[in-house]
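To start, the structure itself, in structure tokens.
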Amino acid sequence: RVERERREREAAEAAARKAAEEEAARKAAEEKAAREEADRKDETKKEQPKSTTPKKDTSKKEAPKKESPKKEQPQKKEKESKTASKGSYAEARKRKPRGESSSKEEAPKKEAPGKSTKSDQPTSSGSFESMRGALPRPVSGAFRVTGKFGRHALPDLPDVTYDNPGIDVEVASGATVQSVYGGTVSGVYMVPGFSTVVIVSHGDYYTVYGNVGSASVKVGDKVKGGQTLGRLAEDPDNPGHSSLHFEVWKGREKLNPQNWIK
């Protein structure tokens with residue numbers, strides 16, 4: 001059993017590393033696309049002077065039309081009458097139409113910052129980091145830690161040690177697994193000994209949920225804090241109970257989950 005637990009933990013750690021590498025590759029691809037877009041915009045700006053040369057030629061050709069005073073006077077009168085009619089039309093309609101248009105234009109400006117703030121929060125490393133010691137528990141119902149983070153010696157074999165990259169928690173059978181913070185599902189893996197493992201990305205941070213019997217999310221899904229990720233599988237060594245394996249990572253650095261949850 002000791003050997004099986006060791007292999008299971010190593011498999012979970014490998015899955016977390018894989019998710020971190022995939023996330024890093026995705027960020028690198030996004031940065032490359034942004035640089036290519038910036039280069040295209042620079043090339044477009046350089047080409048703009050060529051398109052403005054015809055405008056200068058047309059202005060020179062139109063200049064002789066203004067030399068005849070007889071033609072300019074009627075044109076000025078027509079322009080003045082059109083300007084006056086436009087002014088009176090605008091004055092007659094400025095209260096309702098402009099009021100309606102201004103309210104319509106202001107609404108998106110007020111909503112845009114709110115939406116961008118909400119969408120930024122789930123993936124903001126700074127926001128997640130500020131929740132150290134205040135994150136909710138990753139599972140519903142009773143919560144008892146049976147395996148602590150770090151290197152430990154086996155009770156019956158003190159010379160044999162193992163490294164636990166997270167914590168193991170005993171809960172009621174079939175309890176639901178919940179995301180401790182908003183983010184994006186970056187991995188859903190089948191790991192021997194851990195059933196299904198779900199990994200959620202929170203910017204530079206990741207949370208790992210193992211022993212999920214049936215996941216209710218898929219890679220790419222946006223999740224909120226407290227959202228259900230799936231149900232835990234029953235512990236074969238402890239009928240009537242389930243065991244959650246929970247990890248917290250910053251990049252490739254393993255962190256003690258008990259320092260992060262309430």
Side-chain angles (χ1 to χ4, degrees), residues 7-35 115-132 134-140 149 163-169 175-233 243-261:
R7 289 197 301 269
E8 290 173 354
R9 291 190 178 92
E10 289 177 353
E13 188 172 348
R17 286 198 193 97
K18 182 179 179 182
E21 291 172 357
E22 290 177 353
E23 185 69 11
R26 182 185 65 79
K27 290 181 179 178
E30 290 179 353
E31 291 176 358
K32 182 180 179 182
R35 288 195 298 269
K115 290 183 178 179
S116 62
T117 303
K118 291 179 182 178
S119 62
D120 288 343
Q121 284 179 352
T123 56
S124 172
S125 299
S127 298
F128 184 90
E129 194 168 35
S130 66
M131 293 297 291
R132 181 184 173 89
L135 291 173
R137 290 177 176 179
V139 66
S140 61
F149 172 83
D163 186 21
N164 190 352
I167 58 173
D168 298 291
V169 182
T176 57
V177 184
Q178 301 168 347
S179 178
V180 296
Y181 195 75
T184 304
V185 178
S186 59
V188 179
Y189 305 100
M190 291 294 296
V191 179
F194 278 90
S195 191
T196 300
V197 174
V198 178
I199 300 176
V200 180
S201 170
H202 316 280
D204 293 334
Y205 289 84
Y206 301 87
T207 50
V208 181
Y209 310 79
N211 290 328
V212 180
S214 57
S216 57
V217 293
K218 62 182 182 301
V219 175
D221 285 353
K222 302 289 185 182
V223 296
K224 299 178 180 179
Q227 181 173 332
T228 298
L229 303 177
R231 288 189 176 276
L232 290 173
S243 177
L244 168 70
H245 181 74
F246 178 63
E247 301 176 12
V248 178
W249 291 68
K250 181 179 181 181
R252 296 184 180 183
E253 179 187 359
K254 295 176 290 186
L255 305 176
N256 186 349
Q258 286 189 276
N259 294 336
W260 288 81
I261 58 178

Q | V177 vs T228, side chain to side chain contact (heavy atoms under 4.5 Å, CB included): CA-CA, chis, key distance, verdict | A | CA-CA 6 Å; V177 184; T228 298; over 6 Å; no

- Can you check whether Q258 reaches F149 side chain to side chain, under 4.5 Å on heavy atoms? no

Worksheet entry | Residue pair V185 / K218, side-chain heavy-atom distance below 4.5 Å | no

Got a donor-acceptor contact below 3.5 angstrom from the S179 side chain to the Y181 backbone? yes

Any heavy-atom pair between the side chains of P138 and L244 that's under 4.5 Å? yes

Note: G230 and V212 closest approach over all heavy atoms is CA-CG1, 4.2 Å

### Message
Within the 4.5 Å heavy-atom criterion, are F246 and V139 side-chain neighbours or not?
### Response
no

In terms of heavy-atom contacts, T196 and A215 come closest through CG2-CB, 4.3 Å

- Message: Is there a side chain to side chain contact (heavy atoms under 4.5 Å, CB included) between Q178 and S140? Walk through the geometry before answering.
- Response: CA-CA 7 Å; Q178 301 168 347; S140 61; 3.8 Å; yes

Closest non-hydrogen contact found for Q227 with K222 is OE1-O, 4.1 Å

When rounded to the nearest 0.5 Å, the distance separating CG of D221 from OG of S216 is 8.5 Å

Hey, mind stepping through T207 and E247 against side chain to side chain contact (heavy atoms under 4.5 Å, CB included) and telling me if it holds? CA-CA 6 Å; T207 50; E247 301 176 12; over 6 Å; no

Evaluate K254 against D163 for side chain to side chain contact (heavy atoms under 4.5 Å, CB included), listing each step before the verdict. CA-CA 11 Å; K254 295 176 290 186; D163 186 21; 2.8 Å; yes

Does F128 have its ring centroid less than 6.0 Å away from the ring centroid of W260?
-> yes

The reported gap from OH in Y206 to CD in E253 (rounded to nearest 0.5 angstrom) is 13.5 Å

Closest non-hydrogen contact found for N211 with L232 is O-CD2, 3.3 Å

In short, G210 meets V197 closest at the heavy-atom pair CA-CG2, 4.1 Å

Query - Side-chain donor/acceptor of H245 to backbone N/O of Y209, under 3.5 Å - result: no

For V217 and V223, the nearest pair of non-hydrogen atoms, with its separation, is CG1-CG1, 4.1 Å

